[in-house]
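Below is one structure, written out as structure tokens, with a few remarks after it.
Here is the naming used below: chain letters follow the sequence lines, and residue numbers restart at 1 for every chain.
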Protein chains: 2
Amino acid sequence: MLVEDDLNLGFLLVEFLELKGFSVKLYRDGQTAFTGFQNGHFDFCILDVMLPKMDGFTLAKKIKILNAQIPVIFLTARSLKEDKMKGYEIGVDDYITKPFDEDELLYKIHAILNRSKLPKFSEESIFQIGLFRFDFQNQQLEMDGQKRRLTERESSLLKMLCLNKNNVIRREQILTAIWGDNDYFAGRSLDVFISKLRKYFSPDPSISIENVPKVGFILQDNS
Amino acid sequence: MLVEDDLNLGFLLVEFLELKGFSVKLYRDGQTAFTGFQNGHFDFCILDVMLPKMDGFTLAKKIKILNAQIPVIFLTARSLKEDKMKGYEIGVDDYITKPFDEDELLYKIHAILNRSKLPKFSEESIFQIGLFRFDFQNQQLEMDGQKRRLTERESSLLKMLCLNKNNVIRREQILTAIWGDNDYFAGRSLDVFISKLRKYFSPDPSISIENVPKVGFILQDNS
DNA sequence: CGGCATGTTAACGCGATGTTAATAAAATGC
DNA sequence: GCATTTTATTAACATCGCGTTAACATGCCG
């Protein structure tokens with residue numbers, strides 16, 4: 001969950017974090033953010049301090065009542081001492097002072113997620129695809145209790161497809177990300193792996209990996 | 001544990017922290033601090049970055065090998081980005097830039113201690129694995145009253161596998177944690193120990209240590 | 001029709017791992 | 001101190017399976 005009223009900065013951050021593999025939901029004020037938190041499922045919050053409708057401290061306090069464990073990071077333009085104090089009392093995990101460095105934010109996120117290791121893994125890396133459950137951390141694909149262990153390449157590829165479920169991913173994007181190279185042979189190798197994944201998913205006809213000629217592939221889930 | 005070569009600052013901090021109810025031990029260089037860590041029992045470390053004999057980063061890394069869970073805060077005069085990055089990679093929990101505010105330090109300490117309250121793994125040293133009971137403290141593996149004493153390496157490795165039961169644990173993670181080195185030979189040594197553990201567990205077919213090629217191992221318990 | 005992209009299956013090579021034994025190092029006993 | 005035992009590393013050889021590559025089939029578009 002990201003709450004930021006400066007939409008320019010907000011979208012920039014969403015873009016950056018999604019690039020890094022996170023799934024991000026952006027809210028622009030404290031009120032709707034809180035409603036969103038009640039309904040949705042979040043692992044992690046980044047809140048601006050100054051927000052319309054409800055300020056960041058109040059929001060954090062209300063969120064912590066619902067879920068005391070959830071990590072919260074504050075974005076703040078002010079580096080005032082009393083603000084920080086107030087935050088630490090509520091149980092805020094960290095501060096980042098604007099203007100901040102994106103990499104620093106990323107490291108803080110990882111540091112905090114690592115600390116709360118157990119809750120993270122339970123949710124973060126498991127994808128539901130039709131009747132299948134794909135556990136990326138454990139490279140496992142499960143359906144009806146039938147488990148199949150995937151190879152490293154298979155699971156990297158499937159993860160990329162999942163993160164872009166129902167959207168096209170370009171061949172070159174996959175190739176540079178996984179093979180680090182997009183020559184002819186890497187391309188053929190990719191096709192072989194797509195073929196393997198299709199076979200694994202063949203028991204569920206509502207799942208398909210479709211080819212978009214000359215462009216890439218789509219993982220379609222019509223369940 | 002407090003490590004600070006500027007003794008004026010050091011004693012000031014000790015005084016302050018003891019006033020706040022902590023029991024503090026001060027070291028003035030990285031070398032003696034590490035020796036002290038090996039012998040004593042600490043819940044929490046505050047390290048200066050610039051230290052005689054051994055710098056703060058190296059010290060933190062060595063401490064984290066002995067106890068990956070222990071919280072570490074760095075004191076640093078420099079607020080340089082690359083320093084922070086380096087720290088977060090090691091798994092440092094927070095930074096405080098000198099000159100700092102004592103109350104801020106106190107709040108950070110409380111924030112971090114609150115966080116690490118739940119995962120008090122340090123004490124939980126008995127694991128149930130299928131029909132076996134593994135007592136890490138006593139390096140003992142028991143089944144049907146049959147006790148077998150494990151070697152140090154065997155039990156360290158088994159503990160790591162247990163903490164990640166039914167989850168993949170990466171080779172490199174094991175190697176850096178136990179062998180402190182992940183070259184070719186350490187890797188082969190790991191394989192030898194995996195082989196030994198498998199033999200010990202062979203009486204119970206519902207336990208298996210599976211290999212995930214190129215990635216690591218997973219202790220599967222289907223009992 | 002012919003070229004090009006993709007689908008699929010099979011074979012191959014090589015690196016990673018499994019296992020046992022030999023050697024070195026360290027701890028223990030006396 | 002020396003002998004014995006225990007532990008960890010290194011070596012040596014066997015095996016496995018991942019990913020690549022090849023080979024052939026299919027379909028699309030000019």
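Residue-level contact check: Arg171(B) touches the backbone only, with heavy atoms under 4.0 Å from sugar-phosphate atoms and none from bases. Among the atoms of the strands shown, only primed sugar atoms or phosphate atoms (P, OP1, OP2) are found under 4.0 Å from some heavy atom of Glu152(B).
If you take CZ on Arg28(B) and CG on Asp6(B), they are separated by 10.5 Å, rounding to the nearest 0.5 Å. How far CZ of Phe136(B) is from CG of Leu141(B): 13.5 Å, rounded to the nearest 0.5 Å. Taking CG of Asn166(B) as the start and CD of Gln140(A) as the end, the distance is 8.5 Å to the nearest 0.5 Å.
Pairs passing the ring-ring contact (aromatic ring centres under 6.0 Å, His included) check and including a residue from residues 176-196 of chain A, sequence neighbours excluded, read Trp179(A)-Phe193(A).
For CZ of Arg133(B), the number of neighbouring non-hydrogen atoms (other residues, nucleotides, ligands) closer than 6.0 Å is 12 at most. The neighbour count for Gln128(A) CD, taken as heavy atoms of other residues, nucleotides or ligands under 6.0 Å away, is above 12. Annotation for Asp183(B): atom CG counts as buried by contact number, over 12 foreign heavy atoms lying within 6.0 Å.
Taking a heavy-atom distance under 4.0 Å as the criterion, the stretch of DNA chain D touched by chain B extends 5' to 3' from dT7(D) to dC18(D). Of all nucleotides in DNA chain C, those with any atom nearer than 4.0 Å to a heavy atom of chain B start and finish, going 5' to 3', at dA16(C) to dT20(C).
Among residues two or more places apart in sequence or in another chain, the ring-ring contact (aromatic ring centres under 6.0 Å, His included) test is passed with Phe201(A) by Phe132(A).
Each of Arg153(A) and Thr151(B) lies near DNA chain D, and the nucleotide nearest Thr151(B) is the one positioned closer to the 5' end.
Taking a 4.0 Å limit (strictly below) on heavy-atom distances, residues 174-190 of chain A reaches DNA chain D at Trp179(A), Phe185(A), Arg188(A), Ser189(A). Listed by residue number, there are no residues of residues 195-220 of chain A with a heavy-atom contact under 4.0 Å to DNA chain D.
Of the charged side-chain nitrogens involved, at least one lies within less than 4.0 Å of a carboxylate oxygen, so that Asp191(A) and Arg171(A) count as a salt-bridged pair. Electrostatic pairing of Lys165(B) and Asp221(B) counts as a salt bridge here, judged by a charged N lying under 4.0 Å from a carboxylate O.
Note on ring orientation: taking the six-membered ring where Trp is involved, the planes of Phe74(B) and Phe57(B) are perpendicular (angle over 60°, cut-offs 30° and 60°).
Looking at Ser189(A), its side chain never comes within 3.5 Å of a backbone N or O of Ala186(A) through a donor-acceptor pair.
Figure legend: Arg148(A) and Tyr200(A) shown as a cation-pi pair, the cationic atom lying under 6.0 angstrom from the six-membered ring centre and within 45 degrees of its axis.
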